[in-house]
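Here's the structure we're looking at; comments come further down.
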Amino acid sequence: MICVDAQGIPLAVETESVNRNEAILVEPLIAKMTLKKRHPQRLIYDKAGDSQKLRDCLADQNIDFICPHRGIKNRKQKSQDGRKLRRYKRR
């Protein structure tokens with residue numbers, strides 16, 4: 001897994017076996033970035049990262065998480081509006 005900035009410059013890399021849940025791998029990746037004194041304002045990710053635990057973790061760090069929902073019907077509340085999802089489509 002690799003994290004890049006808006007220009008495509010790599011900021012952090014995390015390697016793991018391929019059978020792990022992607023949402024679990026995002027937290028160590030963000031931790032590597034914050035160790036280097038880089039704090040992202042937003043994180044744009046695909047549907048594989050849709051996890052309420054990950055959303056809460058990133059919200060605690062003041063990181064705006066832009067990720068479409070996987071279609072979970074029992075979700076308490078939608079956590080983003082259409083403007084953020086348009087940014088996801090332009091990624």
Side-chain angles (χ1 to χ4, degrees):
M1 185 171 271
I2 187 166
C3 184
V4 298
D5 66 2
Q7 287 78 33
I9 298 171
L11 300 176
V13 176
E14 179 71 23
T15 57
E16 187 67 45
S17 65
V18 295
N19 59 353
R20 296 284 310 263
N21 184 352
E22 288 186 27
I24 296 171
L25 300 175
V26 173
E27 290 181 44
L29 190 70
I30 297 297
K32 282 184 177 181
M33 288 177 47
T34 55
L35 285 175
K36 295 178 182 178
K37 305 289 188 239
R38 294 183 176 136
H39 187 75
Q41 294 176 348
R42 71 182 66 88
L43 177 67
I44 301 174
Y45 205 77
D46 60 2
K47 286 183 181 183
D50 185 26
S51 163
Q52 192 60 43
K53 180 183 173 192
L54 180 59
R55 288 182 189 278
D56 294 339
C57 175
L58 293 175
D60 291 343
Q61 298 179 36
N62 295 324
I63 299 173
D64 190 17
F65 188 51
I66 302 170
C67 173
H69 297 300
R70 282 187 282 179
I72 300 172
K73 294 185 181 186
N74 61 356
R75 187 177 297 273
K76 294 178 185 173
Q77 66 182 8
K78 296 230 176 197
S79 57
Q80 55 197 3
D81 58 5
R83 290 177 289 162
K84 291 182 182 181
L85 292 179
R86 286 191 295 273
R87 180 174 282 153
Y88 166 80
K89 290 179 181 179
R90 289 192 319 252
R91 76 187 192 291

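- In this structure, SG on Cys67 lies 10.5 Å from CD1 on Ile44, to the nearest 0.5 angstrom.
- The two atoms that bring Tyr45 and Pro68 nearest to each other are O-CD, 3.6 Å, heavy atoms only.
- A 4.5 Å side-chain heavy-atom check between Leu11 and Lys32 finds every atom pair outside the cut-off.
- Of the candidates Gln41, Met33, His39, Ile63 forms a side-chain contact (heavy atoms from CB on, under 4.5 Å) with just one, namely His39.
- Applying the side chain to side chain donor-acceptor pair (under 3.5 Å) rule to Asp56 yields the partners Gln52; only residues at least two apart in sequence or on another chain are considered.
- Residues Leu58 and Glu27 fail the side-chain proximity criterion, which asks for heavy atoms closer than 4.5 Å.
- Using a 4.5 Å heavy-atom threshold, the side chains of Met1 and Pro28 count as separate.
- With hydrophobic clusters built from ILVMFWY side chains whose heavy atoms lie under 4.5 angstrom apart, Val13 does not share a cluster with Leu25.
- Atom-to-atom distance recorded for Thr15:OG1 and Leu29:CG is 10.5 Å, nearest 0.5 angstrom.
- Scanning all heavy atoms of the two residues, the minimum distance from Ile9 to Asp5 falls at N-OD1, 2.8 Å.
- Taken to the nearest 0.5 Å, the SG atom of Cys57 stands 8.5 Å off from the CD1 atom of Ile30.
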